[in-house]
> 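Here's a structure for you.
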Protein chains: 2
Amino acid sequence: MEEEKRTVRAVERALDVLMCFASGHEWGLTEIAGRVGLHKSTVHRLLATLEDKGFVTRITSTDKYRLGLSVLELSANLSRSDDPSVVLLPEMERLRDQLSETVSLYIRDRVERVRIQAVQSMQAIRRVATVGARLPLSVGASSKVLLAFAEAGVRGNVMSDTAWPVHLDREAFGKQLDDIVATGYATSYEEREPGAAAVSAPIFNRSGKLVAALSVSGPSNRLTPDRMHEFAPAIIEAAHRMGTILE
Amino acid sequence: MEEEKRTVRAVERALDVLMCFASGHEWGLTEIAGRVGLHKSTVHRLLATLEDKGFVTRITSTDKYRLGLSVLELSANLSRSDDPSVVLLPEMERLRDQLSETVSLYIRDRVERVRIQAVQSMQAIRRVATVGARLPLSVGASSKVLLAFAEAGVRGNVMSDTAWPVHLDREAFGKQLDDIVATGYATSYEEREPGAAAVSAPIFNRSGKLVAALSVSGPSNRLTPDRMHEFAPAIIEAAHRMGTILE
DNA sequence: TAACAGAGTTTCATGCAGTGAAACGTATCT
DNA sequence: AGATACGTTTCACTGCATGAAACTCTGTTA
């Protein structure tokens, strides 16, 4: 159970400090110290280091910190030409134009999912999806897809993780996932956030491995359950086409 | 001269390791160790920490490292609504449509410049500009703008920095900057990279402070010196309009 | 105007945690 | 088999990260 960790404490702490900036824009020193549960002077030193390397900057007027330019520099090199989020973008735009709703691409990361790409609907009322967002794997159409079609063992591992919501009925949820495997797609109606709905289908690469979930989402009054089932074939087809490009 | 550093060594090293990924896609452990000049086992521990926090991931097939999803997560929160790179984007697109060439936005960071925003030309032959790129402040039209119009003292500080190329004739360069202040814009013809040319104008916020350089760049056979001078008024006007939005 | 509260900053003794040489495992060559 | 190159693990040493406390500098209260 002890799981030896071969990591560097100071670095771990610094990265924790940095990750504060993933939610919310700017923070003061004491705020951050409270958030990560470290002493003021420790955080002060860590921030000085992060600042020196350009990972955070200070607002001159108020003394608060915000993300620095090094992060921008790194993010520029995030997407490579063999990256799904780049390769699949044209197909995602096609699907967006076809259905006129926001299209997102999700991958699973341990017990969460991450939106690695998104193209927005052009309609006045639209689902706005930010790339990079990290979301729970327990709710939402694409969550269910990422779990339902995952390799053997993943489903069990994830659901027995400490982060998994206890209140969820495993029996029923498992049944739901089996249904999704049978039909080939998942839907969610005001599941994660009120007023929003989504349809999602799995993308398998040429070796048949699940790599991502393709999801179409929009306001729940436009994406009614009926409408979502109408959309499903187009999404499944697009996801299939995308899969042939990968690997 | 001694400049006490109140930073954490382990964190500095870890960030150095991370910044390897700003240039080039993926690296092996030994490669990185050589690059940052640290012992293999040290880098191994640092990478393990970075991996644990999701800042790097390993390619399963080859054992190389690449940037992880945490960087994506951070970069999602980089741009705020009051950020020049967001606010000025529509104006940049207008200018791109007007001139049909790639438009970039640069800010100065110490003795370098960073491209914080870019919109690409739609032409078949075009300048491709990646956001986040860090470039020298000694060459290029926008470099000269950022230096020429900088606050008092900046010019001297930068040119006496250790990173400043010694071979450059200070006298002549200073003269060139003065000319740029007089005319209000700068040009560069195959200065930084062969085959490329650019025109750049300063953006001042409402308090009259230089905040960025607006630059139009393209292939040098299309952006001839004559053509660039024709472009200048439109660029200056756009830069002025942008300035009124800021601060 | 002094006293206070709340930020960020600096100092410094303490001991633990980061370090790197060396040994190890494991592939892919010749 | 030997050789090379890579990632991994161990371990003794001591340098460096740590956090309590003192300090500064605001703006706010009495």
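To find a chain, count down the sequence lines: A is the first, B the second, and so on, and within it residues start at 1. Quick caveat: nothing in here was measured; it's all calculated off a predicted structure.
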> Roughly how far apart are A:Leu214 CG and A:Ser200 OG, rounded to 0.5 Å?
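One finds 6.5 Å between CG of A:Leu214 and OG of A:Ser200.
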> Walk along nucleotides 25-30 of chain C from 5' to 3' and tag each nucleotide B, S or - by protein heavy-atom contact under 4.0 Å, base first, then sugar-phosphate.
------
> Under the rule for ring pair (Phe, Tyr, Trp, His ring centres under 6.0 Å), what residues qualify as partners of A:Tyr185, not counting sequence neighbours?
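A:Tyr185: ring pair (Phe, Tyr, Trp, His ring centres under 6.0 Å) contacts with A:His229.
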> For C:dA17, take OP1 and OP2 only and decide whether either is under 4.0 Å from a side-chain N or O of A:Arg13.
no
> Tell me whether A:Arg115 contacts the main-chain N or O of A:Gly132 through its side chain, where contact means a donor paired with an acceptor under 3.5 Å.
no
> State plainly whether the residues B:Asp16 and B:Arg35 are in salt-bridge range, i.e. N to O under 4.0 Å.
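Looking at B:Asp16 and B:Arg35, the cut-off is not met.
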> Report the distance from atom CZ of A:Arg6 to atom C1' of C:dC24, rounded to the nearest whole Å.
14 Å
> For residues B:Cys20 and B:Trp27, report the shortest heavy-atom separation together with the two atoms involved.
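Residues B:Cys20 and B:Trp27, closest heavy atoms: O-NE1, 3.3 Å.
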> If you pin A:Tyr65 and A:Val8 to their nearest nucleotides in DNA chain C, which one's is more 5'?
A:Tyr65
> Mind listing the side-chain donor-acceptor pairs of residues 41-51 of chain A below 3.5 Å, one per line with the distance, residues two or more places apart or on another chain?
from	atom 1	to	atom 2	distance (Å)
A:Thr49	OG1	A:Arg45	O	2.8
A:Thr49	OG1	B:Val8	N	2.9

> Any salt bridge between A:Glu193 and A:Arg127, counting N to O under 4.0 Å?
yes
> Which residues pass the salt bridge (charged side-chain N to carboxylate O under 4.0 Å, His left out) test with B:Arg241, not counting sequence neighbours?
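For B:Arg241 the salt bridge (charged side-chain N to carboxylate O under 4.0 Å, His left out) partners, ignoring immediate neighbours, are B:Glu91, B:Glu237.
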> Send over the distance from A:Glu31 CD to C:dA7 P, rounded to a whole Å.
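Going from CD in A:Glu31 over to P in C:dA7 covers 9 Å.
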> Determine to 10° how strongly the helix from C:dT1-D:dA30 to C:dT30-D:dA1 is bent, judged from the axes of its five-pair ends.
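Inter-axis angle at the ends, rounded: 30°.
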> Which residues pass the side chain to side chain donor-acceptor pair (under 3.5 Å) test with B:Ser85, not counting sequence neighbours?
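Once residues adjacent in sequence are excluded, the partners of B:Ser85 under the side chain to side chain donor-acceptor pair (under 3.5 Å) criterion are B:Asp83.
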> Could you list by number each residue of residues 38-49 of chain B showing a heavy-atom separation from DNA chain C of less than 4.0 Å, or answer none if no residue does?
B:His39, B:Ser41, B:Thr42, B:Arg45
> Any side-chain N or O of A:Arg58 less than 4.0 Å from the OP1 or OP2 oxygen of C:dT9?
yes
> Could you tell me from which nucleotide to which nucleotide of DNA chain D, 5' to 3', there is an atom under 4.0 Å from chain B heavy atoms?
D:dC6 to D:dA17
> List in chain and number order the residues that pass salt bridge (charged side-chain N to carboxylate O under 4.0 Å, His left out) with B:Asp161, two or more places apart in sequence or in another chain; answer none if no residue qualifies.
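For B:Asp161, no residue satisfies salt bridge (charged side-chain N to carboxylate O under 4.0 Å, His left out) once neighbours in sequence are set aside.
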> Apply side chain to side chain donor-acceptor pair (under 3.5 Å) to A:Arg155 and list each qualifying residue two or more places apart in sequence or on a separate chain.
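A:Arg155: side chain to side chain donor-acceptor pair (under 3.5 Å) contacts with A:Asp178.
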> Using the test salt bridge (charged side-chain N to carboxylate O under 4.0 Å, His left out), find all partners of B:Arg113 that sit at least two apart in sequence or belong to another chain.
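Scan of B:Arg113 (salt bridge (charged side-chain N to carboxylate O under 4.0 Å, His left out), adjacent residues dropped) gives none.
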> What residues form a side chain to side chain donor-acceptor pair (under 3.5 Å) with B:Arg13, not counting sequence neighbours?
none
